[in-house]
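Labels below follow one simple rule: chain letters A, B, ... track the order of the sequence lines, proteins then strands, and each chain is numbered from 1.
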Amino acid sequence: MLHLHDTATGRREPLELREPGTVTMYVCGLTVYDVPHVGHGRAALAFDVLRRYLEFTGLRVDHVSNVTDIDDKIIDRAAAEGRSEQEVATEYEEVWWQAVDALGVRRPTEVPHATGYVGKMVALVSELVERGAAYETDDGVYLSVDGVDGYGLLAHQSLDSLRAGARVEVGEQKRSPLDFALWKKAKPGEPTWPSPWGPGRPGWHTECVVMSLELLGDGFDLHGGGIDLAFPHHENERAQALCWGRDFARHWMHHGMVTVEAEKMSKSLGNFTTLTELLERTEGRAYRLLVLRAHYRSPIEVTPATLADAVEGLARLDALARRFDLDPSLSELDLAQAREAGVDGGALDAFVERMDDDLDTPEAVAGIFELVRGANSAADAGRTEEARGTAVSVAVLAGALGLRLVGGGPELDEHTAVMVRQRDEARAERDWARADRIREQLEAEGWGVEDTPGGTKLHRRSG
RNA sequence: GGCGGCGUGGCCGAGUGGUUUAGGCAGGGGCCUGCAAAGCCCCGUACGGCGGUUCGAUUCCGCCCGCCGCCUCCA
């Protein structure tokens with residue numbers, strides 16, 4: 001059984017499900033006001049790895065991830081560019097899904113948009129006001145944090161120490177600096193929805209609590225996001241659920257941040273690197289491998305050097321797939337199918353043990369690379385059958401982590417195919433000078449060239 | 001100031017109270033190869049500093065230094 005580090009308890013906990021066989025998880029998606037950065041990519045990968053592993057072990061996963069399509073930043077951008085909020089949101093959401101696809105991330109089973117749930121949000125805020133948990137001010141409706149049982153659970157801080165660190169804005173009518181907006185009354189020119197408190201729009205924390213409970217129901221299994229969301233975002237979602245009298249998430253999972261040159265990636269720091277840019281230069285699988293080689297809760301460095309490192313590691317896996325001509329469909333097998341197909345049980349068990357231990361992908365990846373060496377060694381020693389079996393387990397396990405291995409030769413255009421033929425002729429005639437000349441030209445055109453018993457084989461060198 | 005976390009060999013990055021090593025990348029040597037590529041074998045003896053506990057600590061405890069995240073929007 002999978003154990004995960006739970007942010008609420010600070011300990012590794014078994015993932016006990018509300019309903020055996022099905023995992024219900026809500027992952028905070030993003031606000032679509034700009035192109036995504038590499039940190040968003042890691043977030044998508046972190047939960048994709050979780051989901052794939054759960055599905056690999058035979059569970060069904062209801063994976064809900066929202067898109068926040070109304071927000072200050074979207075409004076600002078729309079105003080600055082003279083277009084509608086919806087145009088801005090639609091444009092960047094599209095960019096996002098392109099990046100998600102390029103990373104090989106399975107799309108969520110459901111993608112609620114905040115603007116589609118405003119009515120339900122208004123209902124929640126009304127209820128919270130009625131219950132006396134929330135109050136109205138000149139600029140909105142706020143939740144009173146003081147009465148909330150266990151507020152600070154996810155921050156691991158007491159109400160007092162949180163209050164001590166809170167920054168207070170001038171002119172606020174909040175009863176406590178920690179109170180947060182459930183509803184924001186509209187300023188001129190902003191998009192609005194009607195409410196008992198006049199036209200306005202929902203607060204961010206209200207969006208997620210409404211959508212998660214609406215789509216997954218009380219006591220859903222897992223709520224996740226980046227560690228920077230634990231407080232105040234998730235804390236405040238939980239606070240609302242509590243005041244609302246609903247059972248909220250059973251488990252909390254948060255992944256670590258991406259840093260660039262040891263600083264958190266962020267626009268304000270100016271070290272912003274877009275995911276789109278990364279995916280233009282490097283294939284998504286390499287970024288996935290980079291992410292997998294660190295634990296999901298550790299910070300990772302994304303730099304040209306760490307990416308290049310991952311590219312080389314990936315090349316080693318692909319070389320194995322070429323050597324054994326591994327079928328791409330192997331990476332789609334789940335655990336039961338793999339056992340049925342006769343994949344080495346020891347390798348599968350070791351993988352499951354590592355992954356069950358808080359998704360220990362670094363160890364799992366290390367294990368896969370050990371299998372790579374094992375397969376190559378066995379093949380070198382002429383133990384063909386053993387080698388093939390080990391190579392197959394590499395493909396299956398890498399696939400379980402979302403890494404599809406690229407084996408079989410690519411489609412060659414006529415020009416390239418002719419060169420390959422000419423090189424094989426030259427080699428057959430032992431005309432090494434000519435063979436080498438052709439090889440150099442192929443390499444200059446971005447091909448990796450390998451001589452095999454079957455003649456010249458090409459593969460794309462990615463970088 | 002409060003809370004959480006980190007500091008491992010050239011780089012990335014796991015892990016562990018002591019016996020034989022994570023893994024990858026880069027580098028050196030060798031084998032294979034017409035030469036390469038791919039692959040295999042061998043090589044680095046690392047755990048921020050100072051104390052403490054211990055027969056023994058990189059691993060536990062304390063302090064210090066440095067770094068990161070959160071306490072404000074943020075994956």
Next item on the list: For A57(B) and U8(B), measure between their C1' atoms and round to the nearest Å.
Entry: 14 Å

Quick note, Pro232(A) side chain, CB onward, closest among G23(B), A75(B), C73(B) is C73(B)

Output field dot_bracket for RNA chain B (Watson-Crick or G-U, both distances under 3.5 Å, | for other-strand pairs) contains (((((((..(((.....[....))).(((((.......)))))....(((((..]....))))))))))))....

>> How about CD on Glu411(A), more than 12 heavy atoms from neighbouring residues, nucleotides or ligands closer than 6.0 Å, or not?
In response: no

Looking only at G13(B), C71(B), G2(B), the nucleotide nearest the Ala294(A) side chain is G13(B)

> Under 30°, 30 to 60°, or over 60°: which ring-plane class applies to Phe47(A) and His255(A), parallel, tilted or perpendicular?
Replying inline: perpendicular

Closest of G69(B), A75(B), A22(B) to the Leu229(A) side chain is A75(B)

Checking G69(B), G24(B), G13(B) against the side chain of Glu301(A) (C-beta onward), the nearest is G13(B)

Please list, pair by pair, any protein nitrogen or oxygen found under 3.5 Å from a nitrogen or oxygen in nucleotides 45-47 of chain B.
none

Taking U19(B) as the reference, what is the distance to C12(B) when you measure between their C1' atoms (whole Å, please)?
29 Å

Ile75(A) CD1 to C73(B) P, in whole Å, measures 15 Å

A correct 5'-to-3' footprint of nucleotides 26-39 of chain B, with B, S and - meaning base, sugar-phosphate only and no protein heavy atom under 4.0 Å, is S-------BBBBSS

Distance check, C1' atoms only: G28(B) and G9(B), in whole angstrom units. 15 Å

Note to self: Before you tell me yes or no, could you show the steps for Arg461(A) and Glu312(A) under salt bridge (charged side-chain N to carboxylate O under 4.0 Å, His left out), namely the whole-Å CA-CA distance, both residues' side-chain angles and the distance that decides it to 0.1 Å?
What the structure shows: CA-CA 10 Å; Arg461(A) 292 291 303 171; Glu312(A) 293 307 318; 3.7 Å; yes

Are any of the side-chain nitrogens in Asp34(A) or Lys73(A) under 4.0 Å away from the carboxylate oxygens of its partner? no

From the candidates C73(B), A75(B), G4(B), the one with an atom nearest any side-chain atom of His156(A) is G4(B)

Is a donor from one side chain sitting under 3.5 angstrom from an acceptor on the other, for Asp146(A) and Tyr151(A)?
no

Assert yes or no for the condition that the ring centre distance of His459(A) to Trp447(A) is strictly below 6.0 Å.
no

Between side-chain atoms of residues 174-185 of chain A and protein atoms elsewhere (two or more places apart, or another chain), which donor-acceptor pairs fall under 3.5 Å?
| from | atom 1 | to | atom 2 | distance (Å) |
| --- | --- | --- | --- | --- |
| Lys174(A) | NZ | Pro177(A) | O | 3.3 |
| Lys174(A) | NZ | Asp179(A) | O | 2.9 |
| Ser176(A) | OG | Leu178(A) | N | 3.1 |
| Asp179(A) | OD1 | Val145(A) | N | 2.8 |
| Asp179(A) | OD2 | Tyr135(A) | OH | 2.5 |
| Asp179(A) | OD2 | Ser176(A) | N | 3.2 |
| Trp183(A) | NE1 | Ser195(A) | OG | 3.3 |
| Lys185(A) | NZ | Glu136(A) | OE2 | 2.7 |
| Lys185(A) | NZ | Thr137(A) | O | 2.8 |

In His3(A), Arg12(A), Arg297(A), His5(A), the residue satisfying side chain to side chain donor-acceptor pair (under 3.5 Å) with Asp358(A) is Arg297(A)

For the P atoms, the ones on C47(B) and on G1(B), what distance do you get once it is rounded to whole angstrom?
30 Å

Between the base of A75(B) and the side chain of His254(A), is one N or O donor paired with an acceptor at under 3.5 angstrom? no

His251(A)/His223(A) aromatic ring centres below 6.0 Å
no

Worksheet item: Does the separation of the ring centres of His254(A) and His234(A) fall below 6.0 angstrom?
Response: yes

Here the ring-ring contact (aromatic ring centres under 6.0 Å, His included) pairs for residues 276-309 of chain A, sequence neighbours left out, are none

Rounded to whole Å, the CE-P distance (Met355(A) to A14(B)) equals 15 Å

Here the ring-ring contact (aromatic ring centres under 6.0 Å, His included) pairs for residues 350-396 of chain A, sequence neighbours left out, are Phe56(A)-Phe351(A)

task = Give a yes or no on whether a donor-acceptor pair under 3.5 Å exists between the nucleobase atoms of G69(B), that is its base, and the side chain of Asp228(A).
result = no

### Rounded C1' spacing from G49(B) to U58(B) in Å
14 Å

query: Taking the same atom, P, in C31(B) and in A36(B), what whole-Å distance lies between them?
result: 11 Å

